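Working notes, beginning with the structure itself.
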Amino acid sequence: MRIITRNIWILSLVSLFTDMASEMLYPVMPLFLKSIGYTAVFIGVLEGVAEAVAGLSKGYFGKLSDAKGKRLPFVQLGYALSAISKPLLAIFIQPLWILLSRTIDRLGKGIRTGARDALLNDECLPGHKAKVFGFHRSLDTLGAVFGPALALTYLYFYPGRYVQLFLIAFLPGLLAIILTSLIKEKTSAGYKPPEKHRKFFAFSSYWKNSSPAYRKLVAGLLLFALFNSSDVFLLLKMKETGLNDTAIIGIYIFYNLIYAVLAYPLGIIADKLGLKKVFIFGLLAFCGVYVGFGFNNNMYVFIFLFGLYGLYAAATEGISKAWIAHLVQKNETATAIGMYSGFQSIAALAASTLCGLLWFYWGPLATFLITAIVSLIVAIYLFFSTQEPVNNMAPV
């Protein structure tokens, strides 16, 4: 039987085009907002609110997807909202409108994440979950390579034309919407949706009803997320050492390329050697990157460290979701992944705030070293306290 099915290909291409649209705007969003007079404070509040919406909605809509026993409508609506948010940013420049546009984009991500990952899990053959999630992450991350590259090329020939770039970013998003119409959702025989919950935070009750294995894993993942701050701090360190914007964005593209290239093969390795082993290896790579960033000021070493950072991302992002999927019942997958993803987003916001304070009071060296130490502690915790998924047995 085919491991990478038609639905997996389509979902992965949808993610690629959506990420391409988003990443076309990621490096230029702060430049655009500053060019129309907005301060760094507004930009920070904007991103904070948008990410909080995405984080909280992941859990709710993941739970709702399980309650209804449906995946595809959430996937289609989520990707559609993210696509239409791009041109909305180019229409008006009032603060509330910009906030609304960014919130629609992040809400779309919250609506689709749990249902999409559950749909991927439904396509997995026993013993191949990490491979499937790794393949999806590979194509998704290729969008983060193509998007910034296209944006840099466009702005090289048309400097300062940010509004037109927002309109161009709608095109790959539109293609993603069209592709979602080709997805065919499977209905498992004997599938029984869990009891319906209407309250927004009903998904949080899943924690006390979940298995001990799930709670142990997610506790470790969220502790790591509390110190895994935004990549902005890595970019800021390079900026402070004198690298120009083109070099920094070029290294960021290199990181995403390494991530995209390695995610699928590392998924294959994880299915053979064990998800836990590969995930912990990724955490150790992360630890090495942050120690290196604490002491390094050389551009070529930064390139090497960002390559290692791509290895970390490839060894953890998709594999963490595959690991969770192994520990829960199939009709709870969207809730389980949605709850984790939601609280991970909130923890990431807290991490960026905490690391910002550490940076302000004690400098970048303390920030990077403390983060590295916590990641090492999490790796040790996961090694001793969590179980290795049995790859030849999938929950039903």
Side-chain angles (χ1 to χ4, degrees), residues 14-61 73-116 140 143-144 146-148 150-152 154-155 158-180 200 230-232 249 252 338 341-342 345-346 348-349 352:
V14 168
S15 292
L16 186 154
F17 288 117
T18 300
D19 213 42
M20 183 188 301
S22 297
E23 293 291 338
M24 282 178 70
L25 307 182
Y26 178 79
V28 303
M29 179 68 76
L31 303 177
F32 167 69
L33 293 175
K34 283 192 174 182
S35 72
I36 58 178
Y38 291 114
T39 65
V41 174
F42 174 80
I43 296 172
V45 171
L46 172 69
E47 290 302 305
V49 171
E51 289 301 328
V53 168
L56 291 173
S57 60
K58 284 176 185 177
Y60 173 75
F61 287 104
F74 296 91
V75 171
Q76 292 175 324
L77 176 60
Y79 280 113
L81 288 176
S82 290
I84 65 174
S85 70
K86 306 300 188 296
L88 289 179
L89 286 165
I91 298 175
F92 301 109
I93 60 174
Q94 284 77 12
L96 287 178
W97 182 265
I98 291 175
L99 178 62
L100 175 64
S101 301
R102 284 292 292 147
T103 301
I104 289 174
D105 177 40
R106 297 294 85 189
L107 179 62
K109 185 175 182 65
I111 291 172
R112 70 179 181 258
T113 296
R116 181 204 62 206
D140 181 284
F146 298 146
L150 288 171
L152 283 176
Y154 174 82
L155 292 175
Y158 304 100
R161 294 192 180 182
Y162 301 120
V163 172
Q164 290 86 342
L165 189 62
F166 286 114
L167 297 174
I168 293 171
F170 176 63
L171 297 178
L174 179 61
L175 184 55
I177 294 175
I178 295 171
L179 284 173
T180 60
F200 187 83
S230 169
D231 295 344
V232 167
I249 295 176
Y252 180 72
S341 298
S345 297
I346 297 170
L349 285 177
S352 293

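Only a predicted model underlies this, so the values are computations on that prediction, with no experimental measurement involved. Numbering starts at 1 and runs along the sequence shown.
Although no hydrogens or angles enter the test, the distance criterion places a donor-acceptor pair under 3.5 Å between the side chain of T180 and the main chain of I177. Between the K86 side chain and the S82 main chain, a donor and an acceptor come within less than 3.5 Å of each other.
In this structure, CG on L77 lies 4.5 Å from CD1 on I111, to the nearest 0.5 angstrom. With values rounded to the nearest 0.5 angstrom, L174 atom CG is found 11.5 Å from I84 atom CD1. A distance of 6.0 Å separates CE of M20 from CG of L150, quoted to the nearest 0.5 Å. Once rounded to the nearest 0.5 Å, the distance linking CG of L175 with CG of L16 reads 9.5 Å.
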Check against side-chain contact (heavy atoms from CB on, under 4.5 Å), V14 and R112: CA-CA 12 Å; V14 168; R112 70 179 181 258; over 6 Å; no
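Considering only heavy atoms from C-beta on, S15 comes within 4.5 Å of R116 through its side chain. Under the 4.5 Å side-chain criterion, counting only non-hydrogen atoms from C-beta, Y154 is not in contact with M24.
Nearest heavy atoms, P172 versus F17: O-CB, 3.3 Å. Taking both residues in full, the closest heavy atoms of I104 and L81 are given as CG2-O, 3.5 Å, listed atom of the first, atom of the second, then distance. Considering every non-hydrogen atom in both G173 and A21, the closest pair reads N-CB, 4.1 Å. Contact between F170 and A83 at its shortest, heavy atoms only, is CD1-O, 3.3 Å. Here the closest non-hydrogen pair linking P148 and G143 is CD-O, 4.1 Å.
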